[in-house]
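Reading through the structure tokens given below for one structure.
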Amino acid sequence: MKVYLSNKPSPDSSFKQCSNLAACDIMFSDSEVTSLTVDCFLSSFSFAELEEATKQVLKKCRIGCNVTIIEPDCNILFRMYTRGDVDLAYFNEIFFESSKKSIMNTEKLELMIPDNFEVQEKYISESSLSVLKIRRAK
């Protein structure tokens with residue numbers, strides 16, 4: 001089962017859309033998901049809730065599941081703002097849209113990944129979002 005976890009609409013109709021943890025718990029059993037995209041979803045939790053929310057989401061993945069986590073990276077965005085590469089309006093839009101409760105960086109994302117997942121790839125997208133691709137190994 002392919003799942004798109006986000007407050008934004010899924011760009012791919014082959015994914016089942018889910019916009020909150022409660023719905024995710026109802027819709028998917030633990031270890032059921034084969035492909036998961038988490039698109040700017042984790043930042044909708046407070047910084048104190050991030051690790052637990054990440055665990056809740058990733059427990060839905062079966063062995064071999066490919067996961068893509070996309071979140072704003074504060075380190076890159078701060079640097080871009082300081083250099084004048086992004087304007088103040090864009091900066092505010094990224095960090096303070098209504099569903100955001102926290103900001104993070106790629107390092108924080110990696111630290112939240114459980115030991116049974118392996119990092120496959122990480123990069124910064126054209127729109128300055130951190131993209132972390134992981135796979136459940138065991």
Side-chain angles (χ1 to χ4, degrees):
M1 177 165 310
K2 294 164 58 172
V3 176
Y4 185 78
L5 186 55
S6 182
N7 294 315
K8 302 185 244 181
S10 175
D12 184 341
S13 63
S14 68
F15 279 71
K16 290 197 177 228
Q17 172 81 37
C18 191
S19 61
N20 64 62
L21 279 183
C24 189
D25 275 342
I26 292 168
M27 293 171 63
F28 313 108
S29 300
D30 291 357
S31 302
E32 180 181 12
V33 176
T34 58
S35 179
L36 174 64
T37 300
V38 183
D39 189 354
C40 297
F41 178 77
L42 294 175
S43 56
S44 66
F45 294 92
S46 72
F47 196 76
E49 298 170 319
L50 282 174
E51 288 189 49
E52 186 58 34
T54 302
K55 286 179 188 174
Q56 290 285 56
V57 168
L58 294 179
K59 76 178 185 177
K60 300 298 179 183
C61 298
R62 70 172 45 177
I63 293 175
C65 178
N66 292 308
V67 181
T68 302
I69 301 173
I70 305 163
E71 288 291 340
D73 185 299
C74 64
N75 294 355
I76 299 299
L77 288 166
F78 291 153
R79 191 174 312 130
M80 291 176 71
Y81 175 72
T82 302
R83 289 190 315 219
D85 295 339
V86 296
D87 66 11
L88 192 57
Y90 177 74
F91 196 76
N92 275 277
E93 181 182 317
I94 290 290
F95 285 118
F96 301 110
E97 64 183 47
S98 62
S99 65
K100 298 278 187 269
K101 292 185 182 174
S102 64
I103 58 173
M104 64 196 87
N105 57 22
T106 303
E107 292 80 21
K108 177 63 177 170
L109 281 174
E110 281 188 275
L111 289 172
M112 294 188 308
I113 304 303
D115 292 339
N116 58 338
F117 284 81
E118 298 172 344
V119 174
Q120 302 290 304
E121 185 178 359
K122 60 182 173 179
Y123 60 91
I124 303 297
S125 73
E126 316 80 50
S127 53
S128 306
L129 297 172
S130 176
V131 180
L132 185 62
K133 294 189 176 199
I134 60 175
R135 182 178 174 92
R136 181 165 176 199
K138 45 186 169 168

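Position 1 is the first residue of the sequence; numbering continues from there.
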Sorted by chain and number, sequence neighbours left out, side chain to side chain donor-acceptor pair (under 3.5 Å) with N66 holds for R135

Contacts of S29 that satisfy side chain to side chain donor-acceptor pair (under 3.5 Å) - sequence neighbours left out:
none

Apply side-chain contact (heavy atoms from CB on, under 4.5 Å) to S125 and I70, showing your working.
CA-CA 9 Å; S125 73; I70 305 163; 5.8 Å; no

Any sub-3.5 Å donor-acceptor pair from E71's side-chain atoms to M104's backbone N or O?
no

Could you give the distance from NZ (K100) to OG (S46), rounded to the nearest 0.5 Å?
14.5 Å

For the pair T34 (side chain) and M1 (backbone), establish whether a donor and an acceptor sit closer than 3.5 Å, ignoring hydrogens and angles.
yes

Could you tell me which residues satisfy side chain to side chain donor-acceptor pair (under 3.5 Å) with D30, sequence neighbours excluded, listed by chain and number?
K60

When hydrophobic residues are tied together by side-chain contacts of less than 4.5 Å, even through go-betweens, does I113 share a cluster with V38?
yes

Going through the checks in order, is the side-chain contact (heavy atoms from CB on, under 4.5 Å) test met by L77 and I103?
CA-CA 11 Å; L77 288 166; I103 58 173; over 6 Å; no

By ring pair (Phe, Tyr, Trp, His ring centres under 6.0 Å), Y4 pairs with (sequence neighbours left out) none

Could you pull out all residues at least two apart from K16 that satisfy salt bridge (charged side-chain N to carboxylate O under 4.0 Å, His left out)?
none

For E51, the salt bridge (charged side-chain N to carboxylate O under 4.0 Å, His left out) test, sequence neighbours excluded, returns K108

Could you tell me whether E118 atom CD has more than 12 heavy atoms of other residues or ligands within 6.0 Å of it?
no

Are there more than 12 heavy atoms of other residues, nucleotides or ligands under 6.0 Å from atom NZ of K122?
no

Between the CD1 atom in I134 and the CD atom in E121, the distance rounded to the nearest 0.5 Å is 12.5 Å

Taking atom CG as the centre, does D115 end up with more than 12 heavy-atom neighbours from other residues, nucleotides or ligands that are less than 6.0 angstrom away?
no

Which atoms form the tightest heavy-atom contact between M112 and L50, and what is the distance?
SD-CB, 3.6 Å

Could you tell me the separation between the CG atom of N7 and the SG atom of C40, rounded to the nearest 0.5 Å?
9.5 Å

With ring-ring contact (aromatic ring centres under 6.0 Å, His included) as the rule and sequence neighbours excluded, what pairs involving residues 52-87 come up?
F78-F91, F78-F95, Y81-F91

Over all atoms of both residues, closest heavy-atom pair of K101 and S44:
CD-O, 3.2 Å

Please identify each residue that fulfils ring pair (Phe, Tyr, Trp, His ring centres under 6.0 Å) with F47, with sequence neighbours left out.
none

Going by the rule ring pair (Phe, Tyr, Trp, His ring centres under 6.0 Å), which residues pair with F45 if we only count those two or more places apart in sequence or in a different chain?
F41

Side-chain hydrophobic cluster, 4.5 Å single linkage: members besides I63
none

Scanning both residues in full, the closest heavy-atom pair of S14 with K2 reads OG-NZ, 3.0 Å

Examine the side chains of Q17 and S10 and answer whether a donor and an acceptor come within less than 3.5 Å of each other.
no

Are Y90 and M80 co-members of a hydrophobic cluster defined by side-chain heavy atoms under 4.5 Å apart?
yes

With sequence neighbours left out, which residue pairs that include part of residues 104-138 fulfil the ring-ring contact (aromatic ring centres under 6.0 Å, His included) condition?
none

Are L21 and L36 connected in a single hydrophobic cluster, I mean Ile/Leu/Val/Met/Phe/Trp/Tyr linked by side-chain heavy atoms less than 4.5 Å apart?
yes

Is V119 linked to I69 within one hydrophobic cluster, defined over Ile, Leu, Val, Met, Phe, Trp and Tyr using a side-chain heavy-atom separation of less than 4.5 Å?
yes

Residues which pass side chain to side chain donor-acceptor pair (under 3.5 Å) with E52, listed by chain and number, not counting sequence neighbours
none

Enter the distance from C61:SG to E32:CD here, rounded to the nearest 0.5 Å.
11.0 Å

Between D39 and T37, does any side-chain donor sit less than 3.5 Å from a side-chain acceptor?
no

Determine whether I76 and T106 make a side-chain contact, defined as any pair of heavy atoms from C-beta on separated by less than 4.5 Å.
no

If you compare all heavy atoms of L42 against all heavy atoms of S102, which two are closest, and at what distance to 0.1 Å?
O-OG, 4.1 Å

Between the NZ atom in K133 and the OG1 atom in T68, the distance rounded to the nearest 0.5 Å is 4.5 Å

Might you work through the side-chain contact (heavy atoms from CB on, under 4.5 Å) test for M27 and V3, ending with a clear yes or no?
CA-CA 10 Å; M27 293 171 63; V3 176; over 6 Å; no

Kindly determine whether S31 and R136 satisfy side-chain contact (heavy atoms from CB on, under 4.5 Å), including the steps that lead there.
CA-CA 10 Å; S31 302; R136 181 165 176 199; 3.4 Å; yes

What are the two closest non-hydrogen atoms of C18 and N20, and how far apart are they?
SG-O, 3.5 Å

